[in-house]
Amino acid sequence: MKLDNTDKQLINLYQRNLPVCERPFQEMAQQLDIPESEVIDRLQSLQNHQVISRVGPVFEHHRAGASILAAVAAPTEQLDLVAARINRAPGVNHNYAREHTYNLWFVMTAPDEDTLDERLDELEHQLRLPMLRLPMVRQYHIDLGFDIDWEALA
Amino acid sequence: MSVSILPSEQSTVEDYVLCDRDRQLILATQSGLPLVPDPWDALGKKLNMPADEVLARFQRMQEAGVIRRVAAVPDHYRLGYRYNGMTVWDIDELAIGRLGRQVGELLFVSHCYRRPRHLPYWPYNLFAMVHGTSRDEVESKADRIRTLLGDACHGHTILYSSAILKKTGLRLKKNGS
């Protein structure tokens with residue numbers, strides 16, 4: 001999908017904060033000086049092309065429940081198998097392969113800390129691999145967005 | 001807003017407790033808002049909740065920090081940021097608070113967290129996520145973090161992602177299962 005300037009502006013302006021008011025797209029339309037229907041159509045198109053993954057809330061996992069980053073060092077020949085087991089475990093919402101001895105990194109979530117510990121224990125037992133458990137101690141950056149360098153991407 | 005909030009529901013940011021109706025709302029919106037002129041009304045019809053209650057609950061969860069932000073969430077990988085480097089740092093305990101905040105303020109850092117070490121396997125206690133269109137770009141951003149950290153840093157490495165095996169939003173299941 002080829003993005004035009006209005007698409008880029010939509011992403012730049014609203015990747016951090018979208019107005020949460022009675023008619024959010026109308027407010028965005030006024031800010032961009034285009035019709036509300038165009039804002040909606042453009043967002044729908046960006047979403048259909050997966051340029052944006054969604055238009056909506058980003059939840060704070062540790063406020064909406066419990067979550068943890070964990071890693072295992074899977075033997076290379078078993079990487080796919082171990083990754084599939086991790087993906088099937090309850091509450092896993094991210095799983096990345098990374099270039100390191102600890103080669104699988106995943107985020108597990110649960111409604112509360114006790115359930116989270118049970119889930120991790122169960123998965124660790126199933127995998128028979130020692131697991132690095134790396135809960136967040138402190139967050140130093142609230143906003144997930146970062147400035148997109150459109151020229152570098154062009 | 002005409003929604004009445006029970007006194008017991010009014011709570012500070014730290015001890016905000018989700019009620020069932022909040023959970024319903026999270027479930028209904030975790031994959032995105034309906035893209036229609038009045039998304040609150042559309043959600044309300046689905047959840048059998050008045051539109052103004054939907055909006056009020058949404059605003060309260062945002063004020064309480066349960067919702068970090070409401071946004072058009074870009075897929076950085078699809079946009080062309082193919083290199084995702086998890087930079088990890090071994091920082092003096094005494095300096096980590098100050099330095100963590102400084103690293104978190106860098107505009108190119110998308111997440112920054114302090115996490116526990118697991119010696120001897122894992123000496124790193126500061127995590128900063130950096131994205132780039134090339135490895136060189138990630139490396140040069142990591143160099144800037146290294147310079148900022150100075151003598152308080154005793155080692156670091158960059159873990160590049162080689163595959164995204166699963167990536168979904170928050171999954172909150174019904175009945176807390």
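Since we're looking at a predicted model, the values are computed, not measured. Note on naming: letters A, B, ... go to the chains in the order of the sequence lines (proteins, then strands), and numbering restarts at 1 for each one.
To the nearest 0.5 angstrom, B:R101 atom CZ is 8.0 Å from A:R138 atom CZ. For the atom pair CG (B:L33) and CG (A:L18), the distance works out to 7.5 Å, reported to the nearest 0.5 Å. Atom CE of A:M1 is separated from atom CG of B:L79 by 10.5 Å, given to the nearest 0.5 angstrom. Rounding to the nearest 0.5 angstrom, the gap separating the CD atom in A:E22 from the CG atom in B:D52 is 8.0 Å. For the atom pair A:Y140 OH and B:R114 CZ, the distance stands at 5.5 Å (nearest 0.5 Å). Between B:D75 atom CG and A:H49 atom NE2 the span is 13.5 Å, to the nearest 0.5 Å.
At distances below 3.5 Å, not a single donor-acceptor pair connects side-chain atoms of A:W105 with backbone N or O atoms of B:S161. Without hydrogens or angle criteria, A:R54 side chain to B:S31 main chain gives no donor-acceptor distance under 3.5 Å. A distance-only check finds a donor-acceptor pair linking the side chain of B:K166 to the backbone of A:V92 [under 3.5 Å].
Cluster annotation: B:Y77 is not connected to B:I158 through the hydrophobic network of ILVMFWY side chains, with a link wherever side-chain heavy atoms come within less than 4.5 Å.
Of the residues listed (B:E63, B:R69, B:M61, B:Q59), the one engaging A:V20 in a side-chain contact (heavy atoms from CB on, under 4.5 Å) is B:Q59, and it is the only one. For the ring pair (Phe, Tyr, Trp, His ring centres under 6.0 Å) with A:H100, the lone residue among B:Y121, B:Y160, B:W122 that qualifies is B:W122.
Proximity to chain B (any heavy atom under 4.5 Å) is shown, for A:L134, by both the backbone and the side chain. Only the side chain of B:M129 comes within contact range of chain A, with at least one heavy atom under 4.5 Å from a heavy atom of that chain. If you measure heavy-atom distances from A:L3 to chain B, the contacts under 4.5 Å come from the side chain alone. At a 4.5 Å heavy-atom cutoff, A:F106 makes no contact with chain B through either its backbone or its side chain. In this structure, no portion of B:V103 lies under 4.5 Å from any heavy atom of chain A. Heavy atoms of B:Q102 lying under 4.5 Å from chain A are absent altogether. If you measure heavy-atom distances from A:Q26 to chain B, you find no contacts under 4.5 Å at all.
Chain B forms the most heavy-atom pairs under 4.5 Å with one residue out of A:L69, A:L43, A:L10, and that residue is A:L69. Taking A:Q50, A:R133, A:Q44 one by one and counting their heavy-atom pairs under 4.5 Å with chain B, the maximum is reached by A:Q50. Per-residue heavy-atom pair counts under 4.5 Å with chain A were compared for B:P116, B:G32, B:P39, B:G97, and the maximum is reached by B:P116. Of the listed residues A:V51, A:I11, A:N103, the one with more heavy-atom pairs under 4.5 angstrom with chain B than any other is A:V51. Between chain A and the residues B:T157, B:D41, B:I96, B:L126, the largest count of heavy-atom pairs under 4.5 Å involves B:I96. With chain A as the partner, the residue from B:G80, B:A72, B:G132 showing the most heavy-atom pairs under 4.5 Å is B:A72. Per-residue counts of heavy-atom pairs under 4.5 Å with chain B were compared for A:L132, A:L46, A:I52, A:T101; the largest is that of A:I52. Taking B:P37, B:P74, B:A128, B:S162 one by one and counting their heavy-atom pairs under 4.5 Å with chain A, the maximum is reached by B:P37. Comparing B:T29, B:V73, B:D38 by how many heavy-atom pairs each has under 4.5 Å with chain A, the most go to B:V73.
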Stepwise side chain to side chain contact (heavy atoms under 4.5 Å, CB included) check, B:L159 with A:Y96: CA-CA 10 Å; B:L159 285 78; A:Y96 279 64; over 6 Å; no

Working for side chain to side chain contact (heavy atoms under 4.5 Å, CB included), residues A:V137 and B:Y113: CA-CA 7 Å; A:V137 176; B:Y113 300 110; over 6 Å; no

Step-by-step side chain to side chain contact (heavy atoms under 4.5 Å, CB included) determination, A:N93 to B:Q30: CA-CA 12 Å; A:N93 62 11; B:Q30 62 187 355; over 6 Å; no

Worked check of side chain to side chain contact (heavy atoms under 4.5 Å, CB included) between B:H76 and A:Q15: CA-CA 11 Å; B:H76 293 114; A:Q15 65 160 324; 4.3 Å; yes

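Taking both residues in full, the closest heavy atoms of B:I67 and A:P57 are given as CG2-CB, 3.9 Å, listed atom of the first, atom of the second, then distance. The two residues B:W40 and A:P24 have their closest heavy-atom pair at NE1-CD, 3.7 Å.
Residues from residues 80-88 of chain A that place a non-hydrogen atom less than 4.5 Å from a non-hydrogen atom of chain B comprise A:A83, A:N87, given in numerical order.
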